[in-house]
Each structure stands twice: as structure tokens, then as C-alpha cells.
Amino acid sequence: MKKRHLITAALPYANGPIHIGHLAGCYLPADIYTRFLKATGEEVLFICGTDEHGVAIELKARKENTTPQAVVDKYYEVIRDSFKDFGIDFSHFSRTSRPIHHETAQAFFKKLYDEGRFKEIETEQYFDEEAGQFLADRYIIGTCPKCGHDHAYGDQCEKCGSSLSPDELIKPHSALSGKAPVKRKTKNWFLPMDEMAEAPGFKEYAKRVELWKTNVKGQFNSWIQQGLQPRSMTRDLKWGIPVPVAGAEGKVLYVWFDAPIGYISATREYFEGLGQPEAWKTWWQDPSSSLVHFIGKDNIVFHTIIFPMILNEHGGYNLPDQVPANEFLNLEGDKLSTSRNWAIWLHEYLIDFPDKQDELRYTLTSIAPETKDSDFTWKDYQSRVNSELVAILGNFVNRVMVLTHKFFEGMVPGNKLKPDTAARAAVLDAIRANQDEVAGYQHEMIRSLNDFRFREAQATMMNMARAGNRFLAETEPWKLHKTDAAATAVILDYALQLCAQLALACEPFLPFTKGKLLQQLQWEPDTATRRQWWREQDAVFPLEAGHQLGQPFLLFQNIEDAAMDAQRARLVKPTPVEENTKPEYTPLKPEITYDDFVKLDLRVGQVIAAEKVVGADKLLQLTIDLGFEQRTVVSGIAMHFAPEEIVGGKVTLLANLAPRKLRGIMSQGMILMAENKDGKLLFVAPNGSADNGGTIS
RNA sequence: GGCGAGGUAGCUCAGUUGGUUAGAGCGUAGGAUUCAUAACCCUAAGGUCACGAGUUCAAUUCUCGUCCUCGCUACCA
């Protein structure tokens, strides 16, 4: 065991919020492991932050008509708060747009550059002249040469599944401007990974990979055996960290170069905040520190090959000791998808299930995709909560608390009993047997945690509560109390000590429950007690005779069917990929004459009042000012706009449309709306200061 | 296309360095019980271990092939 443990969790990409798949695959295991190590008294640092660069964020900003900075600012906060709410206990949560990260990443690049580690290679890349930038393969669209699908991407055709290069596409055009891209020469800096794989430091590191999880080892070996190719560490993009080299204007660092370095800059930032600007080096460079990366399976190659290679070439850094990558979590049988909104978002979950963080943590850990993809269903969630958390753990604690209050006024009754009758000897035997059983689980759980088998560890923790329930069934203190109060006292004393151990045991998995349990026990374990239990693996019986317990309350509540039905109803079945990504243009209508057009009386209007139409989901009742008069217009835009956000806005009104009653309200005209491909409505309005009532032609 | 991982009870998952009856939790059925959120506790039923072939005295486990799921894919090997 090394002296200190640096734990990282994959930097979440700041183009959307966090969903249960992220939590189950990466952040929860990392948090459990960190909490476990801390409980044993180890020195631990748990580092994370948002990854805020790259082409996807640039495109999202463009699509939403805002800036990349605004996008990342928004999601940085959402993501940070989600983690906080779920008790993901980072030592520090940073972001890659901070100056300290830019400096760190640039310094890294500069050192490798100055030492001649990169290869400068000139290639031809597709360039969008109108957008003024180079295009990633994914952003070139054209007709698939194999199946004729007219919306194939430059890297792959989603319809027939064939892999493509942009050159193969028929009629290629840019996803940004729609124009045909041209080829331009550009210079980039490549990491000669084939050569670097032969470096002694890397070869030494490769040996330890043999001991890692099969999925990780498999991919690692696959890449090494196939032979590595040089890979560009710079990109022709705008949004990112400028390449700190002369002649590299307009180029940024490849996100996969800069993102892992984010672990380092976040560590630096953390210690600078503590006023110890040099302390980060101990964690990254002292060989007595271990480095563990928690990631999802999509990140294996970067964390097991590219980043270690960069660290090794830079020199002076520790290479990872473990990369326990998980597989993926599905939701109700389908892949999670941010773009298709097939997900359970953490911030939304807490609105519907306030104070039920541990219920989700428990479910996700019990189905964590440790060896293969797994599936989250609301039915399963309900079952885990009701028949495990409520029935086993919550119920055991409640039974013990209620019995103690009933028989001993809520005081720890003490454990002194002589085996002076056969019945009493049997009670003491039962306690001893149960102690042995629980100690077995304790050792097993700690073993599992050390081996990154968190699902198994959590199940073993629950076995302790099961043992508690069995103990009560065997000793039946509610019966015995009528004949032997002294024997009943020792039974409940032991059961309470078991509750205290459960509070210790559930800490990595269920931190909120741990707090509730301690509150009921009116007990706060000191570091030595925790450490003794977790490290030396001795059972501890910390509650002293006469100690006054708190009032019992339920740790968990049953989840009703109705709540699950509501959640399932909320999930929108994802549409097939091609339907969603292919822009569908409505066919043109038959030709009309100018005379047809002039029949329309279009006017500039202004919304001066808006309210929801009672009993209608989609309708807003608007009052439109036309200068010379005010109109009441009922418009089907309530799903897209809140009344208060549109008051004051200019609109285009079709003013001579025959009035029509909608939901009992006479609507005098129609508001013109544009619809984008996501089905979102946008107002069509004059872009200057047009007067209300002005004509439009 | 290539490579990697996976396909084991109704569900979620363990496991097998090849060897008699393949495990757990949940769900289901039966029993027992009433301190406890009709919860707990005990018992039982449930599986040609994706499919086909091969090696072997013996294959769910090793080899090859096929099908399916997921991930990665650097002009793709």
C-alpha cells in the first residue's frame, strides 16, 4: 500500500448536465473508493473538474446562438452542483478553462516541443471557407458511396454502418455552412506513439497493466499489439488552449492532450488555495503516491496509453497504478443519450425525489456496469429501495431502535450477562455466532473494496443487516422480555452495536444514511474508531451502557407504483438516429401569384400581455398592440415559452385572418413562428425598431 | 471491415486454473412469526451456462466457426 492516493474521476464534458450513466460508471465508484480509503485513515486526494474545450462545445454554442464560454459556464455550475448534491466528495473540482490549466497544459506542450518529442507533419484537411475553419470528419456530410444514404458523416454512415473517410463522400458539404469544403494544407504536431511505446518507462508501466481488469487490459494490449501510429496533439480550431509555439496561430491543443492534464492543474489549483503551491508535486511526482483513474470504457485508450505516454515523455511524473474502467449503463433497455434526451438527469431526479440521494446511489452501485453493460429500470429501482433498503437495512435499524425505546427508555442497556441458565447461555452463544458472521462480512467487504468490486462490497454490507434481522428472529427479544429482562438487555445491546457498525459500513455507499443513523444513535465515531474498524478489521462496540439514543425515525420510505409510472411516462422513447439527425425539409407548396400574397395583411405587433389559457396545455392568450388597436390572440406556444418571458417582444401578426374561437376565447389573428429541427419555436420579428402596426410586405 | 469486452435462473448479476447436485439478491410459491414501513425469518421451485463443431475419459469453462449487444478504430491494420 502506497503512502497516499491520488484519485481522479473522468472530467465531464461541459456540454450538458450529468445523468445516471455518468454517476454509475465513474463518479460513484470513485467516490466509494475515496470514502473507503479515507475511512481507513489513508491520505487521499480526489480530483475532478469540467472539460470545457473541443469542437462539440463550439458547435453547441453556434447552434444555440451563444458563445462557447456561456455554454461551459452554464454546465460547469450544473455539473458541480449535481455532484455536490449527490455527495460526490471531491477534494477539489476545477475546470479546464481556468488560467492555471491553460498555463499547465501549455507548459507541458512546450517542454515536449522544446525537447523535440513531437513530429511536425503537414497534411491536407477539409476547410470551410465560409465558416473560416477546418472541419472534423464528423462535420462533413454527404451521400454514402455504399448505400446512397444522403446524410452520411465523414467518418461513418449511420444507415449502413460502413466506415468512411470524407474523400469517399459524394457531394460533401460542411455541417456548419452547407457549402462544399475545400482542401487546405495545415501543419500539426504529432506524438510518435510508436516510438514512445518502446521507452523504458512505458514498457515498465505496461507490465502492471497485466494485472488490471480484463476490459482494460484487453484494449490496452489490442492497441499495443496492432502497433501505434503518430497522433496529432494539435487541432485547427478556435475554442481551446492556444498552441504555445511560434507559427501555430489559430491552432489549439487537442482536447485529449489538454483534458488529462486537467487532473494536474486541478491538483495545483487545490494546493495553491491552501497556500502550498509546491505540494501538488508530492502527489504527482513522489513514487510513494499512487495514481488511480476512474473512467468509462470509452476513455480507456487515452488513460492507459496516451496520457501515461505523455507523462512518461515529460518525465518526473508517476504513471497510473490502476485504471478501473467501467462499461456503460443503459436505461430501460436503451442506450443513454444526451442529444436524444434519453436519460435521467441528476438535477431533475432530486426535484422528484428530494432527499433520496442514497436510494439512487444504492441502486446504481448494485447494478454498476463493472464487467459488462447493465440496465437501469425504474421497476428495479423501486424493488431495490422497497425490498432491500426499506425491508432489510431500514427495517433492522427501526426494529432495534423501537425495541430499545420500548423496553429500556432508549438507553443502551449494556452487555453484562452471566450464562447462569441454559437459556442465557444460548443467548450469549447466539451473539457470539452473529459476531463471527458479521466479522466475516466485514473482512469480505474490505477485500472487495480493495479490489474495486463495489457491487459485491455493497451487497456484503447489506448482508450485515440481514444478519441483524436473523439475529432478532432467533433471539426474539420481544418475547424474552416478558421472562428475562437482563437477557433481553444484552440482545438489544448487541443489536445496537451492530447498528453502529452498520453506520460505519455504509459510509462509502450511503453517506446520507450514515448521517441519519448516527443522528438516531446520537453517536459520532472518532477517527481512531473508524480506522480500527476499516483497517485493522476489528469489530467495534462503541456504544456505552447508559448512552441515551435519539428518537427513531425511518431511514427509507417505500416508493409507490404511481411515482414509478410517472417517471416512466416522462421518458420519451428515442427516435431512431437517422430520423433525428437528418434535417427534414418540408416540400415546397404549389406556386402562388403575387395577388395571392398581397391578400395577407401582415403587421408588426408587440406582446403587451400574456397568460396561460386555463385547461389547455399548449395555448397562451396574448394581447397584441398594433398601435391603432389591441387584439386578443390565442397562440399554441405555451410549451415553448413562459408568459412572462415574451411580454414586450415584437411579433409578426397575420392581422386579417378570420377570427376564430379557441377554447372559448376569440382569437383575432395569428402569430408567425419559425420552427427549427428540434421542433423548437422561434418568433419571427422585425430586427430593427419597427413601429407597432407597421405593415410587412 | 478490424480489434476489444460481453451473451449464465422471470429480472439484475457472481462463478468455473476443465471434474460429482452451476451460485447470490430480487421476483414467485409454501411455511413460521408479530418487535418492525403486510416488513423480517425459514424452505422450495426455476437454468441443454447464445448457437454449431472440435480437442478430451470429461467442456458452461479450452480451440475454431456463426449469431447478437456494447465500446474503440490512427488513411483501416
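Every chain is numbered from 1 and lettered A, B, ... according to where its sequence line falls, protein lines coming before strand lines.
- Rounded to whole Å, atom C1' of B/G71 lies 11 Å from atom CG of A/N299.
- If you measure from atom CG of A/L228 to atom P of B/C76, you get 13 Å, rounded to the nearest angstrom.
- Scanning atom types as modelled, no donor and acceptor separated by under 3.5 angstrom connect the side chain of A/N395 and the base of B/U37.
- Rounding to whole angstrom units, CG of residue A/L498 and P of B/A36 are separated by 19 Å.
- Among the nucleotides B/C76, B/U73, B/C72, the one closest to any side-chain atom of A/R231 is B/U73.
- Residue A/W478 places its side chain closer to B/C35 than to any other of B/G6, B/C35, B/U73.
- When distances are taken from the side chain of A/K406 to each of B/U12, B/C72, B/A36, the shortest belongs to B/A36.
- Taking syn as a glycosidic angle within 90° of 0, B/G46 qualifies as syn.
- The distance between atom CG of A/D380 and atom C1' of B/C11, rounded to the nearest whole Å, is 7 Å.
- The backbone N or O of A/R384 lies less than 3.5 Å from no partner atom in the side chain of A/S387, so there is not a single donor-acceptor pair.
- A donor-acceptor pair under 3.5 Å is absent between the side-chain atoms of A/D51 and the main chain of A/A259, judged by distance alone.
- Residue A/K335 places at least one side-chain N or O closer than 4.0 Å to OP1 or OP2 of B/G71.
- The line from CE of A/M233 to CH2 of A/W256 is 11.0 Å long, rounded to the nearest 0.5 Å.
- Atoms OG and CZ, from A/S448 and A/F36 in turn, are 9.5 Å apart once rounded to the nearest 0.5 Å.
- Among the atoms of the strands shown, only primed sugar atoms or phosphate atoms (P, OP1, OP2) are found under 4.0 Å from some heavy atom of A/V402.
- Taking atom P on both nucleotides, B/A24 is separated from B/U43 by 11 Å, rounded to a whole Å.
- Residue A/K479 is classed as a sugar-phosphate contact, given heavy-atom separations below 4.0 Å to backbone atoms only.
- Residue A/N386 is classed as having no contact, given no heavy-atom separation below 4.0 Å to the nucleic acid.
- Looking at the side chain of A/A391, the nearest of the listed nucleotides B/U73, B/A39, B/G25 is B/A39.
- The side chain of A/S387 lies closest to B/G27 when the candidates are B/A5, B/G27, B/G7.
- With contacts defined as side-chain heavy-atom distances shorter than 4.5 Å, the pair A/M193/A/P230 does not qualify.
- For A/S383, whose side chain is taken as the heavy atoms from C-beta onward, the closest listed nucleotide among B/C35, B/C26, B/U12 is B/C26.
- Taking atom P in both B/C75 and B/U66, the straight-line distance is 28 Å, to the nearest Å.
- With 3.5 Å as the limit, one finds a donor-acceptor pair spanning the side chains of A/T123 and A/Q125.
- To the nearest angstrom, C1' of B/C72 lies 12 Å from CH2 of A/W256.
- When the C1' atom is used for both B/G7 and B/C51, the distance is 11 Å, rounded to whole Å.
- With A/F328 as the aromatic partner, A/K335 does not meet the cation-pi criteria of under 6.0 angstrom to the ring centre and within 45 degrees of the ring axis.
- The separation of B/A50 from B/C57, taken at their P atoms, amounts to 25 Å, rounded to a whole angstrom.
- There is a side-chain donor-acceptor pair under 3.5 Å between A/R231 and A/Y254.
- Using atom C1' as the reference point in both B/A22 and B/U8, the two lie 8 Å apart (nearest Å).
- Of all the heavy atoms in A/I300 and A/N215, the pair that sits closest is CD1-O, 4.0 Å.
- Distance, A/Q458 CD to B/G25 P: 15 Å, rounded to whole Å.
- With B/C3, B/U8, B/G25 as the choices, the nucleotide that has an atom nearest any side-chain atom of A/E388 turns out to be B/G25.
- Distance noted for atom C1' between B/U28 and B/G46: 9 Å (whole Å).
- Residue contacts shown for A/D373 are limited to sugar-phosphate atoms, with no base heavy atom under 4.0 Å away.
- A distance of about 47 Å separates the P atoms of B/C68 and B/G31, rounded to the whole Å.
- A cation-pi contact, defined as under 6.0 Å to the ring centre and within 45° of the axis, links A/K183 to A/Y126.
- Taking for each of A/V400 and A/A368 the nucleotide of RNA chain B with the nearest heavy atom, the 5'-most of the two is the partner of A/A368.
- For the residue pair A/E474/A/N434, the side-chain donor-acceptor check at 3.5 Å is not satisfied.
- Side-chain proximity of A/S222 to B/C40, B/C70, B/G4: nearest is B/G4.
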* **Which nucleotides of RNA chain B pair, in dot-bracket form (Watson-Crick or G-U under 3.5 Å, | meaning another strand)** => (((((((..((((.....[...)))).((((.........)))).....(((((..]....))))))))))))....
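- With B/C26, B/C72, B/U37 as the choices, the nucleotide that has an atom nearest any side-chain atom of A/Q219 turns out to be B/C72.
- Using a 4.0 Å heavy-atom cutoff across all strands shown, A/M193 reaches at least one base atom of the nucleic acid.
- One C1' atom belongs to B/U20, the other to B/G65, and the distance between them is 31 Å to the nearest Å.
- Between A/A467 and A/N398, the residue anchored closer to the 5' end of RNA chain B is A/N398, taking for each the nucleotide with the nearest heavy atom.
- Across the protein-nucleic acid pair, A/F328 atom CZ and B/A5 atom P stand 16 Å apart, rounded to whole Å.
- Remark: A/R384 is not in phosphate contact with B/G25, judged by side-chain N or O atoms under 4.0 Å from OP1 or OP2.
- For A/K217, no side-chain nitrogen or oxygen approaches OP1 or OP2 of B/G4 to under 4.0 Å.
- In the set B/G6, B/C42, B/U37, B/G6 carries the atom at the smallest distance from any side-chain atom of A/T214.
- At the heavy-atom level, A/I367 lies under 4.0 Å from the strands shown only through sugar-phosphate atoms.
- Heavy atoms of A/F556 sit under 4.0 angstrom from at least one base atom.
- With rounding to whole Å, A/E359 atom CD is found 13 Å from B/U37 atom C1'.
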